[in-house]
Amino acid sequence: MYEAAYGLHGRAFALPPDPGFLFLGRAHREALAHLVYGVRERTGFVLLTGEVGTGKTLLARALLERLPGDVDTAWLYRPAESTEGFVAAVLRELGETPEPDADATALVAQLNRRLLDAHARGRTTVLLVDEAQTLPAAVLEQLRLLTNLETRHEKLLQILLVGQPELAATLARTDMRQVAQRITARYHLRPFERGETRAYVRHRLSAAGGDPGLFTEGAVRALHEASGGIPRLINVIADRALLGGYARGRRRIGRGLVRQAALELGHEHDSAWQWPAVAIATVLASVAVVWPFLAHDREHAPPRLEDPAKVVATAAYTRADDAVNALLARMGIAADRGDGGGPAGCARARLAGYACLHFAADWPALARLRRPALLELHEDGRAGSVLAEGVTSAGATLRRGNTTHPASRTALLPLWTGDALVVWRPPGLTPLPAGPGDDGESVRWLRGRLHTPALPDLATRFDPALAAQLRDYQHQLGLPVTGRLDAVTLFYLRETESGEG
């Protein structure tokens, strides 16, 4: 209903998990690293727990998308409560037909034959059990026995258990100690911190084709407090706030709309709305810390900024419009402080043939950029954007005005939310080859960028083979693996084509 009014091509905060909207906060990145490690080691169970709505299922899907092509996967959601039904479901997920009227022993023997055949063909098998907190003790014990299926050198089946905190409580019981001892990697997924909530909101809006600054800073703070940083609650409240803003004809979503949405949904807390005094104190403290650095004689060599507070205070813009204007200035686009900066600055960039692109990335992906970028930092209650240039695998140069400050990757990584903004010149592709089924000369361009040959009559067709090649490219760069040419993937493809970008 409200999508067109806010320039969105879909609901930015829809509840069904969508890999195209994948955002990895700090806890999510750590969890994904633990899961990948557990799968690669193939030593038994890997456990992921988290409260309802923290993004466990989406993270599990992200993991499966990052697995190589020689891995067979079986995904069970709310699995059967009997041992026979459970093993039969695993077989069906692996493309096998369970032997009729077979008991659990016969079904496990059939599964073992399937796993040995896969192993002989050089393939690995991964079983992911979602909502595993619903499993009874007998099925958990059966899972433990399945980890006994092995060759002389390695396990035949790697098992990932995903569930709510009750799952960890169940595994802590004395009668479950044999199962718990098989867990080789475990992680509990935490809600977002406030800086991550801001990055998450901006990412979802950008992924839906909208203005990442649609929610004001006050609205984001209110949204974080009302949701507790839980992604699902963020989605629910933000979606309702957008609907309220549409009904009232508001161009931006402010704190009042978020408060009203949270109240209607039953998620408002009295303490959630006491943030303005804290925010004012934070800004005043930031100014007090920043000023000495701004007054520093630029003829003196700046120190290495390894102290987190100095990294934020030295180069952080507490106003989003100031940060965007600084980035535009580095790109040679004149700033006009009278237009409010931020979204208006991005509109000014479009008039000059450029575009603002907001996205989430890891450090290696950031180091591939050949242009300045705004990074979102968050440290001990302080948050702001820093203008980074000369980004390498070792660190970056932070700029404020004519003053530069070096900062190492070690100092920046704990502070960076993973949120970045760049200004670039999109290629003139019309129409944009979004995904499988599209056809046109732009598809030929994409094939050229990916070095994917095709028969002449298929060169302009976005076929499954091209989608697979695009997924491999996205995986290599650490981007969301969608098999579609989204704006972020197009940006990186353009970066490799020329220095102009």
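Hydrogens, waters and symmetry mates are skipped; everything else that's a heavy atom, side chains included, is used.
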- Query: With the threshold set at 4.0 Å, does a side-chain nitrogen-carboxylate oxygen contact exist between Glu217 and Arg198?
  - Reply: yes
- Task: Spell out, as yes or no, whether a donor-acceptor pair under 3.5 Å connects the side chain of Glu196 to the backbone of Glu193.
- Result: yes
- Message: Using 0.5 Å steps for rounding, measure from the CG atom of Leu327 to the CD atom of Glu389.
- Response: 10.0 Å
- Task: Decide side chain to side chain contact (heavy atoms under 4.5 Å, CB included) for Val52 and Gln164; before the verdict, give the C-alpha distance in whole Å, the side-chain angles of both, and the deciding distance to 0.1 Å.
- Result: CA-CA 7 Å; Val52 176; Gln164 297 169 21; 3.5 Å; yes
- Task: Check whether any side-chain N or O of His9 sits under 3.5 Å from a backbone N or O of Glu3 as a donor-acceptor pair, and report yes or no.
- Result: no
- Message: Any heavy-atom pair between the side chains of Leu450 and Leu493 that's under 4.5 Å?
- Response: yes
- Side-chain contact, heavy-atom cut-off 4.5 Å: Val201 with Ile234? yes
- Message: Testing the basics here: between Leu47 and Leu167, what is the closest heavy-atom pair and its distance to 0.1 Å?
- Response: CD1-CD2, 3.4 Å
- Message: Rounded to the nearest 0.5 Å, what separates atom CZ in Phe491 from atom CG in Leu357?
- Response: 6.5 Å
- Query: Looking at side-chain heavy atoms only, is the closest gap between Leu63 and Leu160 below 4.5 Å?
  - Reply: yes
- Salt bridge check: are Asp463 and Arg447 linked by an N-O gap of less than 4.0 Å? yes
- Message: To the closest 0.5 Å, what do you measure between CZ (Arg449) and CG (Leu485)?
- Response: 11.5 Å
- Message: Do Val46 and Gln158 have side chains that approach each other closer than 4.5 Å (heavy atoms only, starting at C-beta)?
- Response: yes
- Query: How many angstroms lie between atom CD1 of Ile237 and atom NE2 of His224, to the nearest 0.5 angstrom?
  - Reply: 11.5 Å
- Query: Can you find a pair of side-chain heavy atoms, one from Val258 and one from Ile253, that are under 4.5 Å apart?
  - Reply: yes
- Item | Ser206 side-chain N/O to His203 backbone N/O, donor-acceptor pair under 3.5 Å | no
- Query: Does the ring center of Phe23 lie less than 6.0 Å from the ring center of His28?
  - Reply: no
- Which atom names give the shortest non-hydrogen contact between Leu8 and Ala12, and what distance separates them? CD1-CB, 4.4 Å
- Item | Check: Phe13 and Arg240 side chains under 4.5 Å, non-hydrogen atoms | no
- Task: Report the distance from atom OH of Tyr473 to atom CG of Leu446, rounding to the nearest 0.5 Å.
- Result: 10.0 Å
- Keeping the roles fixed (side chain from Lys56, backbone from Val162), state whether a donor-acceptor pair exists under 3.5 Å. no
- Closest non-hydrogen atoms of Leu398 and Ala407, given as atom of the first, atom of the second and distance, are CD1-CB, 4.0 Å
- Verdict with supporting geometry, Asn235 and Leu233, side chain to side chain contact (heavy atoms under 4.5 Å, CB included): CA-CA 5 Å; Asn235 288 356; Leu233 293 182; over 6 Å; no
- Rounded distance [0.5 Å steps], CG in Leu265 versus CD in Gln260: 10.0 Å
- Using the side chain to side chain contact (heavy atoms under 4.5 Å, CB included) rule, take Arg221 and Arg194 through it: C-alpha gap first, then chi angles, then the decisive distance, then the call. CA-CA 7 Å; Arg221 291 190 184 95; Arg194 192 173 73 185; 3.9 Å; yes
- Message: The criterion is salt bridge (charged side-chain N to carboxylate O under 4.0 Å, His left out); which residues satisfy it with Glu30, sequence neighbours excluded?
- Response: Arg190
- Note on the structure: Scanning both residues in full, the closest heavy-atom pair of Arg251 with Tyr6 reads O-CE2, 3.7 Å
- Message: Under a 3.5 Å distance rule, please check whether Arg204 uses its side chain to pair with a backbone N or O of Ala14 as donor and acceptor.
- Response: yes
- Check against side chain to side chain contact (heavy atoms under 4.5 Å, CB included), Leu328 and Val423: CA-CA 7 Å; Leu328 294 176; Val423 175; 3.8 Å; yes
- Quick one: does Asp239's side chain get under 4.5 Å of Arg11's, heavy atoms only? yes
- Task: Provide the closest heavy-atom pair for Pro231 versus Phe192 in the form atom of the first, atom of the second, distance.
- Result: CG-CE1, 3.6 Å
- Query: Is Leu257 close to Arg248 at the side-chain level, that is, under 4.5 Å between some pair of heavy atoms?
  - Reply: yes
- Note on the structure: Leu375 and Ala420 have their tightest heavy-atom pair at CD2-CB, 4.1 Å
